[in-house]
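Written out below as structure tokens is the structure these notes cover.
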2 protein chains.
Amino acid sequence: MASGISLKELAAELKLAPSTVSRALNDSYEISEATKKKVISMAEKLNYHANPFARSLRENKSKTIAVIIPERINSFFAQVMDGIEEVAQEHGYHLLIYNTHEDLEREMKIVNLLLNGRADAIAMSVTSQTKDSSHLQKLHNRGLPIIFFDRVSPEIPTTKFITNDYESTFEGTKHLIQQGCKKIAFLTLGKDLSISKERQRGFQDAITSEGWELQPSMIVQCCHEEETNVKLIEELLLSPNRPDGILSSVEKLAFATYHAVKRTDLRIPYDLKLISFSNASTASLLNPALTTITQPALTIGYECAKLLIKKLTKPNHYDLIDQVITIPSKITIRESTCQD
Amino acid sequence: MASGISLKELAAELKLAPSTVSRALNDSYEISEATKKKVISMAEKLNYHANPFARSLRENKSKTIAVIIPERINSFFAQVMDGIEEVAQEHGYHLLIYNTHEDLEREMKIVNLLLNGRADAIAMSVTSQTKDSSHLQKLHNRGLPIIFFDRVSPEIPTTKFITNDYESTFEGTKHLIQQGCKKIAFLTLGKDLSISKERQRGFQDAITSEGWELQPSMIVQCCHEEETNVKLIEELLLSPNRPDGILSSVEKLAFATYHAVKRTDLRIPYDLKLISFSNASTASLLNPALTTITQPALTIGYECAKLLIKKLTKPNHYDLIDQVITIPSKITIRESTCQD
DNA sequence: TTGTATGCGTTATCAA
DNA sequence: TTGATAACGCATACAA
């Protein structure tokens with residue numbers, strides 16, 4: 001790699017000491033304006049760029065935040081990342097991004113990789129398999145600022161950003177009931193996830209608040225294999241005990257439901273009403289348009305990055321205290337839950 | 001940040017010289033097996049992790065690849081990134097990711113940021129505004145390995161990965177014609193982009209090959225503002241001279257078309273047939289299901305990363321020669337282009 | 001206001 | 001087979 005010139009070379013060119021040049025470039029108060037001008041213009045002329053590794057080594061910080069997500073092709077995570085990036089770029093931070101593909105092994109590997117301090121902080125959403133949190137604990141113990149969004153790890157005492165999972169699911173379920181559903185299934189992923197539990201609790205409470213009995217077969221544990229999910233849901237829909245409403249707690253399971261329905265002669269919303277957590281911009285274009293619980297993804301991203309950067313730039317004034325910050329979701333009613 | 005112990009401290013603990021420990025950890029042939037064992041086990045015990053910045057500084061490489069995309073909420077780019085990450089992770093590379101939001105200013109800023117060597121190589125797709133390539137030229141002149149995918153910069157003599165834009169669009173247009181379209185519009189973004197030009201050329205050649213005359217009003221230049229595009233397309237659809245077929249060269253413009261159609265009393269595919277470049281997994285769930293030209297996104301990602309890593313690990317054996325590598329797209333016919 | 005010297009944590013060269 | 005030393009490029013404490 002033909003890297004650029006160093007501070008020392010730049011200083012030699014200017015007939016100044018490297019320290020002077022360094023200070024000039026960092027706009028130190030001890031350097032005269034005249035010198036600063038000279039230094040800056042020469043730096044530009046010679047195309048000088050400070051070596052980030054030397055700086056990181058010296059200052060023990062990398063101006064880098066690592067973001068770990070379980071899935072990239074997911075409108076929620078993509079929006080969160082856009083939010084994080086927006087704020088990070090503003091503050092001169094770089095983003096190291098890792099996709100665990102919902103694979104715990106991979107998550108552990110990535111987390112271990114970050115143990116070396118490559119990133120100054122971490123924002124993450126765990127995989128749906130993540131139950132044990134010792135790998136995350138290790139990171140946290142090292143003093144590396146870490147926060148969670150959406151898929152949080154409750155055991156780690158830090159700040160977490162989520163949406164009102166319980167309430168949204170409760171309301172979503174109530175909406176299905178209002179629209180005439182008598183038997184509702186709940187599609188979920190990763191039963192150990194705290195948000196899954198909350199969503200399921202919201203669902204169950206909505207059901208029992210009607211005086212209905214909760215049917216275990218209506219809690220459908222899905223996996224990450226699209227085709228497997230489609231089959232699972234298809235079976236559910238073909239069973240004599242089939243639901244007339246589905247609340248999908250994960251976007252991709254809503255899509256799987258559409259596919260499953262296509263394989264039957266059921267029609268949404270006439271034979272089956274569907275509501276799902278989803279941030280897909282195409283929700284309104286689906287056939288039929290999907291009623292969604294939309295999470296404030298961009299805001300969550302902003303807040304994560306803002307908090308992390310505050311913590312990094314003013315470590316003594318801010319702390320990632322052990323709290324859960326809830327930002328509400330919004331339900332948008334569309335055809336998939338229309339009254340017949 | 002409570003960072004871990006250093007090599008020196010580890011060496012002290014072991015009563016060995018730092019250089020010995022370093023060599024042991026790097027599995028040097030000059031170190032005895034016994035010492036290696038001791039060192040490794042002590043390193044594990046004390047939770048030693050090499051400081052990546054010290055190493056980068058010393059070795060003048062960062063094991064990091066920067067990926068620059070114009071848009072994150074886009075199934076094509078998301079898939080390419082997944083592909084790049086897959087290969088990068090395999091080889092121990094990290095990914096620094098930047099979204100330009102189709103903004104040239106931002107692209108220039110990011111590119112300048114990378115001038116300092118923070119990444120060992122770059123894989124990028126330019127914004128639809130990018131016409132002048134001097135900022136990219138600067139990067140290339142520095143000797144930083146850079147390759148392009150999809151939205152390439154023709155002036156930079158390096159390897160570029162694209163799909164068969166001309167042929168796909170030609171075929172797509174022919175398909176519309178076969179399905180009975182008599183007047184076809186072409187939706188495009190960024191008229192300076194080489195792939196846009198290729199796609200437009202494919203479209204035009206398909207039209208003229210029918211002996212039809214090309215109508216300038218059927219080439220619709222869109223922008224990045226969703227609502228503006230929807231209005232533009234709506235106007236097109238309401239004009240007396242309205243098309244009965246649309247080929248959208250960009251996924252988001254297909255979605256905009258769906259929205260625009262909803263505002264009219266036209267129906268796809270009866271009054272308007274639609275085909276679009278898109279990698280959206282929900283294409284088949286849209287109303288109606290969208291006929292797509294699907295790019296080999298994952299493969300493009302793999303190939304980008306493989307080539308870059310080859311170049312980085314064996315700089316003398318591989319070169320990013322100035323060539324365009326074409327990987328064909330696949331047309332999937334769905335309802336949106338059905339015969340009446 | 002500027003210069004000198006040191007060290008951040010590695011790895012590589014040279015010596016033992 | 002191991003150890004001492006220097007250097008990567010920068011920023012800071014201290015000196016002038």
Side-chain angles (χ1 to χ4, degrees), chain A residues 1-40 42-43 46-64 92 113 115-120 142, chain B residues 1-40 42-43 46-64 92 113 115-120 142:
Chain A
M1 194 195 8
S3 70
I5 69 165
S6 71
L7 188 67
K8 218 196 294 186
E9 293 167 301
L10 176 59
E13 198 68 36
L14 282 156
K15 299 195 197 314
L16 283 172
S19 57
T20 306
V21 176
S22 170
R23 278 179 285 222
L25 290 172
N26 290 319
D27 202 26
S28 160
Y29 67 96
E30 1 175 48
I31 301 294
S32 75
E33 284 306 316
T35 308
K36 278 186 191 170
K37 280 232 170 77
K38 259 193 304 194
V39 169
I40 290 169
M42 180 62 85
L46 298 187
N47 236 289
Y48 169 78
H49 293 272
N51 181 312
F53 307 117
R55 185 172 277 170
S56 289
L57 179 59
R58 182 59 228 247
E59 307 205 305
N60 197 28
K61 62 185 178 197
S62 59
K63 288 286 240 175
T64 300
L113 236 41
L115 241 30
N116 65 13
R118 185 176 286 268
D120 293 340
R142 259 193 175 238
Chain B
M1 189 192 14
S3 70
I5 69 164
S6 72
L7 188 68
K8 219 195 292 186
E9 293 167 301
L10 176 59
E13 199 67 36
L14 282 157
K15 300 193 196 312
L16 283 172
S19 55
T20 306
V21 175
S22 170
R23 278 178 287 217
L25 290 173
N26 290 317
D27 202 25
S28 160
Y29 67 96
E30 2 175 48
I31 301 294
S32 75
E33 282 308 315
T35 307
K36 279 187 193 170
K37 279 234 171 78
K38 259 196 301 197
V39 169
I40 290 169
M42 181 62 85
L46 299 187
N47 236 289
Y48 168 77
H49 293 273
N51 181 312
F53 307 116
R55 185 172 277 168
S56 289
L57 178 59
R58 186 59 232 245
E59 308 204 307
N60 197 27
K61 62 184 179 196
S62 60
K63 289 285 240 176
T64 300
L113 237 42
L115 241 30
N116 65 13
R118 186 177 284 269
D120 294 339
R142 258 192 176 238

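Letters go in sequence order (proteins before strands), and every chain restarts at 1.
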### Message
With a 3.5 Å distance limit and no angle check, can you tell me whether A/Arg118 reaches the backbone of A/Leu113 through a side-chain donor-acceptor pair?
### Response
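Checked: no pair found.
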Using atom types as modelled and distance alone, determine if a side-chain donor or acceptor of B/Lys63 lies under 3.5 Å from a backbone N or O of B/Ser56.
->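 Flag not set: sc B/Lys63 to bb B/Ser56 has no pair under 3.5 Å.
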Assuming nearest nucleotide by heavy-atom distance, tell me which of B/Pro18 and B/Glu30 is located more 5' along DNA chain D.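 It is B/Glu30 whose nearest nucleotide is closer to the 5' end.
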5'-most by nearest nucleotide on DNA chain D - A/Ala54 or B/Thr35: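 The 5'-side residue here is B/Thr35.
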Quick one: does B/Leu25's side chain get under 4.5 Å of B/Leu10's, heavy atoms only?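 Side-chain contact under 4.5 Å: yes.
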Could you check whether [X] gets within reach of a base, just the sugar-phosphate, or nothing at all, counting any heavy atom under 4.0 Å?
| X | answer |
| --- | --- |
| A/Ser32 | sugar-phosphate |
| B/Ser56 | nothing |
| B/Ser6 | sugar-phosphate |

Any side-chain N or O of [X] below 4.0 angstrom from OP1/OP2 of [N]?
| X | N | value |
| --- | --- | --- |
| A/Asn26 | D/dA11 | yes |
| A/Arg55 | D/dA11 | yes |
| B/Tyr48 | C/dT10 | yes |
| A/Ser22 | D/dA11 | yes |

Between [N] ([atom2]) and [X] ([atom1]): distance, integer Å:
| X | N | atom1 | atom2 | result |
| --- | --- | --- | --- | --- |
| B/Tyr29 | C/dA12 | OH | P | 11 Å |
| B/Leu57 | C/dG7 | CG | P | 17 Å |
| B/Leu25 | D/dT2 | CG | P | 13 Å |
| A/Arg58 | C/dG7 | CZ | P | 11 Å |
| A/Asn60 | C/dC8 | CG | P | 11 Å |
| B/Leu7 | D/dA4 | CG | P | 14 Å |
| A/Glu13 | D/dG9 | CD | P | 16 Å |
| A/Lys61 | D/dT12 | NZ | C1' | 13 Å |

Quiz item: Is there a donor and acceptor pair closer than 3.5 Å between the side chain of B/Ser19 and the base of D/dA4?
Solution: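 Answer yes: a donor N or O sits under 3.5 Å from an acceptor.
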Look at the side chain of [X] and decide which nucleotide, out of [options], has an atom nearest to it.
| X | options | value |
| --- | --- | --- |
| B/Glu59 | D/dA11, C/dA12, D/dG9 | C/dA12 |
| A/Arg23 | D/dA4, C/dT2, D/dC10 | C/dT2 |
| B/Ala17 | C/dG3, D/dA11, D/dA4 | D/dA4 |

**Q.** Check: A/Asp120/A/Thr64 side-chain N/O donor and acceptor closer than 3.5 Å
**A.**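 Looking only at side-chain atoms, A/Thr64 and A/Asp120 do not form any donor-acceptor pair under 3.5 Å.
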If you round to the nearest 0.5 Å, how far is CE of A/Met42 from CG of A/Asn47?
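Between A/Asn47 CG and A/Met42 CE, I get 13.0 Å after rounding to 0.5 Å.
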| message | Using 0.5 Å steps for rounding, measure from the CG atom of B/Leu57 to the CG atom of B/Asn51. | response |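 The CG atom of B/Leu57 sits 9.5 Å away from the CG atom of B/Asn51.
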